[in-house]
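Some notes on the structure that comes next.
Below, read A as the first sequence line, B as the second, and so on, with proteins coming before strands; counting in each chain starts at 1. Just so you know, these numbers use all the heavy atoms, side chains as well, and skip hydrogens, waters and symmetry mates.
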Amino acid sequence: MSLQGQAVTGSGGIVCATVQKLDSQDQIIPEYSIHAQRFDAEKKRFLNAVAQASQSLQEEISALQGHPHAKGLLPVLETHLMMLSDPELHDITQRFIEDKSINVEWALKFCLAGFVQAFAEMDNVYLKSRQADIEQVGKRLLHYLMDQTKVDEPVHAIIVAQDFSPSEIVRLWRLGAVGFVAAQGGKGSHAMIVARGVGLTGLAGAQTLWSAVKDGDKLILDAENNTWLLNPSQEQEQHCQDLQKALHDKQESLQSYATQATSRERSDGISLLANVEFVEEITLANQYEVDGIGLFRTEFLFMQSAALPTEDEQYDYYHAMVQGMNGKPITFRLLDVGADKLAHARIFFGDYDGENPALGLRGVRMLLHKPNLLKTQLRAILRCADEGDISILVPMVVAAEEVSAVRQVMVEVQQELGLKSDITLGCMIEVPGAALVADDLAQVSDFFSIGSNDLVQYTLAVDRADEHVSYLYDANHPAVKCLIQMAVDAAQKNDIPVIVCGELAASKAWTQTFVDMKVDALSMASSSVLTIRKQLSDLSN
Amino acid sequence: MQGHVVIQNKLGLHARPSAQFVALARQFACDIQVQRLDIIVNGKSLMAILTLAASQGTLLTIITKGQHEQEALQALCALVNSGFGEAL
């Protein structure tokens, strides 16, 4: 029976595929087609895995024999051993490799699903529970199969899990996954921002789906409307294909906006910039000929390390980005560990345990609290200055003194490195208090960058990642526009440029407002660039 | 050759009796199949036998074909009729 539901947020696109449901300890199972000449090699991999799994089981059995507490367990392990040599398991898996021209892991999955299905239809509870034995044997085999390869192999499924880290999203995208669903997460969740950046279809905040879906189910994701449909009927699948085609046609028609030429014809003078976090994301940015990177979030390297990254490690990461952009401007936002990323923040905070992290030691507050951290990051960034057009952005500012303090350290670093040209230093406007004193901030800053996500969050006192209150996260609240207008006015009065870099920049509904305000640039996930470029073009005609 | 048996033991053809059945079946070179209603499975496959979900009182047909088919049939029928040494 089909089942449908709504998610809190989506990253765009419509897809239909089978599901791989991951518990926290599960690995993603590779799924790909193979040529006939690889059939034998895949079958051999299967037999090797069976041999390895059998050997390990034998060893476990020997170790347990004679052990007083092993009485109940031994027959189970012996059953598993017998299953490993099961002629049906062998025949069906090897036949699937050939008949379906697929890799052994995928064939094994199909084979096991067949057995499991038979158990699911049983009434006898006692016999039904033997399904667990087959699943455990399957896991053991997959473990050895995937151990053989060690490299990342492609996967053609929709991956469903409780939550994804940003780097897991990038990995899924690299593996060619069709899509993903995170049971948790609300609007503006970090994983979603990355998914939009690389163009991977997915949903977040879909708890109902998590409890209903199982491995191998067919799932339709409509991340344009944030809906999902589990086990669709044939008719519904057809409808999905129609929607996909319509979306495809719409994207095709946007392709003519993939070049900068369309910006030059416009009179509004607004630059379109990309928000990025990973080097992988600049492929799309360059393909759409953005005018530069308006927001390079530098957290990622820090998030995935067990220790603070050294200056050289940071330099390598930043340098790759600078090289990839080929001289186009890049705005580096200094480290800002938001409240949603605090789980990884021990390396910065040590024993500091803020009662309320969203209002605690984040952004520039932490950088000034740990001057070495600030200086190391500035050195790593400024070492790239000769090879690109870079500027620095200070996050979470509420007072002019904070910008001046960062500038002082930056000037020191500039002198140490012997840089002649001045580096521009900008200030994030993402706290209502900063917008209210924007005139003071404009006098010590070279540009403003309005971070609409945090600005909305702090103005309305709503945690956008909390699904219980995320319905209150409304960028159209008049208070938000009022604060943005104040920041823009102050910037223009002091003759400094102003960029909008939150999700509002990618909202068609706001484009006219930003044109009227005469902002200098809009910075957004690359996947939104064509839509907004078309919108600007439509408005100027 | 074929013979009919009825599952005797209380818990039915669960993991341990199925494993006993398969272990015995694998000692013979002949093809061995087990039929329940319209489903026929490989008698040497534990996974397949388990999917028969044969509870107490279920009628099964054992089909043997090839070398020592008669001995195989007799031995397997005897095992099922003995209730696998479990409570009946």
Side-chain angles (χ1 to χ4, degrees), chain A residues 46 50 53-54 57-58 61 70-96 107-142, chain B residues 6-60 62-66 72 76 79-80 83-88:
Chain A
F46 176 70
V50 167
S54 303
L57 255 176
Q58 283 285 11
I61 290 170
K71 262 205 170 135
L73 190 58
L74 272 175
V76 175
L77 294 182
E78 277 157 4
T79 306
H80 289 185
L81 194 57
M82 189 174 247
M83 285 180 172
L84 281 173
S85 61
D86 197 300
E88 293 293 298
L89 175 75
H90 285 233
D91 288 354
I92 296 174
T93 305
Q94 300 196 29
R95 204 169 61 232
F96 277 162
L108 178 62
K109 236 184 93 172
F110 272 122
C111 169
L112 294 171
F115 284 114
V116 167
Q117 181 63 33
F119 280 96
E121 286 161 7
M122 286 180 195
D123 304 325
N124 184 323
V125 178
Y126 189 74
L127 290 174
K128 206 180 166 94
S129 62
R130 303 277 55 85
Q131 182 184 336
D133 291 313
I134 292 185
E135 285 169 346
Q136 282 165 25
V137 168
K139 269 197 180 155
R140 199 180 272 263
L141 273 176
L142 282 169
Chain B
V6 174
I7 298 297
Q8 307 286 335
N9 53 315
K10 222 177 205 161
L11 291 174
L13 209 48
H14 65 93
R16 203 186 57 84
S18 300
Q20 273 180 275
F21 186 96
V22 169
L24 183 59
R26 287 189 190 176
Q27 289 175 18
F28 295 95
C30 57
D31 283 341
I32 297 175
Q33 292 179 315
V34 182
Q35 179 172 7
R36 178 190 178 187
L37 301 174
D38 56 343
I39 301 171
I40 302 178
V41 301
N42 185 338
K44 296 179 181 179
S45 164
L46 179 55
M47 290 179 173
I49 295 271
L50 282 171
T51 61
L52 287 178
S55 50
Q56 192 179 29
T58 303
L59 174 73
L60 296 179
I62 300 172
I63 306 155
T64 60
K65 193 179 172 190
L76 290 167
L79 178 65
V80 177
F84 300 95
E86 292 188 350
L88 300 179

Measure B:Ala54 against the heavy atoms of chain A and call it side chain, backbone, both or neither at under 4.5 Å. backbone
Given B:Leu60, which of B:Leu13, B:Leu76, B:Leu37 fulfils the side-chain contact (heavy atoms from CB on, under 4.5 Å) condition? B:Leu13
A:Asp133 side chain near B:Leu46 side chain, heavy-atom distance below 4.5 Å: no
With heavy-atom distances below 4.5 Å as the criterion, would you say the side chains of A:Val116 and A:Glu135 are in contact? yes
Which pair of non-hydrogen atoms, one from B:Ile32 and one from B:Ala72, has the smallest distance, and what is that distance? CD1-CB, 4.3 Å
Heaviest contributor of heavy-atom pairs below 4.5 Å to chain A, chosen from B:Ala48, B:Gly12, B:Ser18, is B:Ala48
Supply the atom-to-atom distance B:Gln35 CD to B:Ile63 CD1, rounded to the nearest 0.5 angstrom. 5.0 Å
Quick check on the interface: out of B:Arg26, B:Arg16, B:Lys44, who has the most heavy-atom pairs with chain A under 4.5 Å? B:Arg26
Is A:Phe119 close to chain B through its backbone or its side chain, or both, or neither, when contacts mean heavy atoms under 4.5 Å? side chain
Sort A:Val76 into side chain, backbone, both or neither according to what part of it lies under 4.5 angstrom from a heavy atom of chain B. neither
